[in-house]
Each structure stands twice: as C-alpha cells, then as structure tokens.
Amino acid sequence: MEEYAYVLDYLSQGIPTNNFAKKEPLCYALGDEEFKLFELVPKPAAVINIGERVYIGKDTVKRTVIDHVKRRVGPSDLTHGAVAELEYCVNEIVLANQPRFIRFFNEAEAISMRKHLLEELPGLGKKTMTAILDERTRNGHFKDFKDLSERATVKNPEKLITARIVLELTDNERKRYLFVSK
C-alpha cells in the first residue's frame, strides 16, 4: 500500500469538460513504493507543487496537503504535463531509495539459458551484464550506484532503472514487471 506519492500534475480547476457541474481540483501522482498512478483531491487552499512528495496514507492527521485518493488511474488517463514529469519523479524515487534498487543489481539471476534479468534493463547489453556479474562474483555485492559505476563501468545505473520503470508504467504489453506493481 502506498503511503507517499509524488505529484505529477495539478489541475486547480479540475478536468476540463463540457458540462457545467462543479469541478474539484485534482492532482495526478505516482506512488513511491509500488509506482501506482493516482488521481488525488487536494485539501482546500492547499499549496501544491509539482514534484512534491505528499502523504496519501490512512492516517488523516498526517494528510496536510491531500484530502483523499479519488481513484487509481492508468497511464492513458494522465495529462500531458503528468507524462512529462513522470521520468523526473521516477528518477527522484530511484535516487532516494538506492539500497532498494542496488539490490536488483546484486541479486538478479538468469531467466533462462539465454537471457539474464539484467538484460531486461533498456540499454544494458550482454557485455555490460557480463561485466556486472564478473565484478559481483569476484568482489562481492555493490554498495551503491557509485560503487557499481566504478567497479563495473556502468554509466548512470540509476537511469537504467528509471528507464525500465517508465517503460513498465507506460507499456501495458509487458510480459515481466520488475519494479511496478500491476
């Protein structure tokens, strides 16, 4: 269950429609644990900043910005502004939770005789995968992204993870989900 989410977009006048019903302000947000997408209703007079981490859990006392979660949404429900912010927020989550994502590099195993789980990361090929596995076998687990970059010569490992998460969020035809809860 998501406790916190990052605001992707804020619509102070709600979703534009043709009817004249009262419109409530809305936020689109991305959960920071399971990467679920939400439509949130902010509290009246709350100051909302795009990219801000807000509490959306059950404890109403902690909810200073968000009144309630309206519904879960899919990637096709997001506004253009929310889609544009998605990669930045995912990257922020990845950097804030390095131990969680470095564990993927430390524990990833073969999927089959021909494919390794590391190869599921966009932009990571067999040569880099082999370098990671060799370094991991010889010198033990990686401590953080910097350690991985130096020892296995992987440029920006956080961007590899970010690209995979964005791919999982936006492509519903995935066979395998590594980070996103479906």
Side-chain angles (χ1 to χ4, degrees), residues 1-105 117 120-124 145 155-182:
M1 175 140 168
E2 301 283 7
E3 292 279 316
Y4 289 91
Y6 283 81
V7 175
L8 298 171
D9 198 5
Y10 174 56
L11 304 170
S12 61
Q13 300 298 315
I15 299 171
T17 60
N18 290 338
N19 65 19
F20 295 101
K22 183 182 175 198
K23 297 177 186 175
E24 63 183 349
L26 288 175
C27 296
Y28 287 100
L30 173 69
D32 72 351
E33 283 294 318
E34 299 175 354
F35 297 102
K36 292 177 181 174
L37 296 167
F38 297 103
E39 197 172 80
L40 309 173
V41 177
K43 289 192 177 222
V47 177
I48 307 290
N49 296 311
I50 293 176
E52 177 182 10
R53 186 174 184 248
V54 294
Y55 182 78
I56 62 169
K58 292 190 185 248
D59 187 358
T60 55
V61 175
K62 288 184 179 178
R63 284 194 186 184
T64 57
V65 177
I66 300 302
D67 185 54
H68 65 276
V69 175
K70 187 169 185 178
R71 66 184 179 121
R72 267 191 73 186
V73 295
S76 60
D77 298 321
L78 296 176
T79 62
H80 293 294
V83 171
E85 282 297 312
L86 192 60
E87 186 175 342
Y88 298 109
C89 287
V90 169
N91 195 53
E92 196 168 323
I93 293 168
V94 170
L95 289 173
N97 298 289
Q98 278 194 45
R100 172 181 168 196
F101 295 105
I102 202 69
R103 187 172 47 243
F104 174 76
F105 288 101
L117 203 54
E120 291 285 311
L121 297 176
L124 196 139
F145 290 141
K155 292 180 183 174
N156 303 320
E158 68 279 359
K159 289 193 177 177
L160 297 173
I161 299 283
T162 298
R164 176 61 193 206
I165 293 169
V166 170
L167 192 64
E168 289 178 20
L169 283 168
T170 56
D171 182 10
N172 292 329
E173 303 298 316
R174 295 271 111 205
K175 266 171 60 175
R176 192 172 289 110
Y177 289 89
L178 306 176
F179 305 106
V180 175
S181 173
K182 279 292 172 187

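These numbers come from the heavy atoms of this one structure, side chains and all, not from hydrogens, waters or symmetry mates. On a predicted model such as this, the values are computed, not experimentally measured, just so you know.
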Kindly indicate whether the side chain of R176, heavy atoms from C-beta on, has any atom under 4.5 Å from the side chain of L117. yes
Calculate, to the nearest 0.5 Å, the distance between atoms SG and CD1 belonging to C89 and I165 respectively. 12.0 Å
Who passes salt bridge (charged side-chain N to carboxylate O under 4.0 Å, His left out) against E34, sequence neighbours left out? K36
Once ring pair (Phe, Tyr, Trp, His ring centres under 6.0 Å) is applied, do any residues pair with F101, and if so which ones, sequence neighbours excluded? F179
Passes side chain to side chain contact (heavy atoms under 4.5 Å, CB included), L78 versus V73? Steps please. CA-CA 8 Å; L78 296 176; V73 295; 4.2 Å; yes
What pair of heavy atoms forms the shortest contact from A5 to A29, and how long is it? CB-CB, 3.8 Å
With V180 as reference, evaluate L169, L37, V90 under the side chain to side chain contact (heavy atoms under 4.5 Å, CB included) test and give the passing residue. L169
Between CG of N97 and CD1 of I102, what distance do you get to the nearest 0.5 Å? 12.5 Å
When rounded to the nearest 0.5 angstrom, what distance separates CG in L167 from OH in Y177? 9.0 Å
Would a 4.5 Å heavy-atom cut-off, applied to side chains only, mark C27 and I48 as touching? yes
From CD1 (I93) to OH (Y6), nearest 0.5 Å: 5.5 Å
Side chain of R100, backbone of E33: donor and acceptor closer than 3.5 Å? yes
Test: side chain to side chain donor-acceptor pair (under 3.5 Å). Region: residues 41-60. Which pairs qualify, not counting sequence neighbours? E3-Y55, D32-R53
Which heavy atom of L121 sits nearest a heavy atom of L160, and at what distance? CD2-O, 3.9 Å
Please list all pairs meeting side chain to side chain donor-acceptor pair (under 3.5 Å) that have one or both residues in residues 161-170, counting only residues at least two apart or in different chains. N91-T162, E120-R164, R164-E168
Below 4.5 Å, heavy atoms only, C-beta onward: do L40 and L26 meet side chain to side chain? no
Here the ring pair (Phe, Tyr, Trp, His ring centres under 6.0 Å) pairs for residues 26-45, sequence neighbours left out, are none
Between N156 and E158, is there a donor-acceptor pair closer than 3.5 Å when you use the side chain of the first and the backbone of the second? no
Validation row: Y4, I56 side chains within 4.5 angstrom (heavy atoms): no
With sequence neighbours left out, which residue pairs that include part of residues 68-82 fulfil the side chain to side chain donor-acceptor pair (under 3.5 Å) condition? D9-T79, E24-K70, E39-R71
In this structure, CG of L8 is separated from CD1 of I50 (nearest 0.5 Å) by 8.5 Å
By salt bridge (charged side-chain N to carboxylate O under 4.0 Å, His left out) - contacts of K159 (at least two apart): none
Rounded distance [0.5 Å steps], CD in E87 versus CG in L30: 12.5 Å
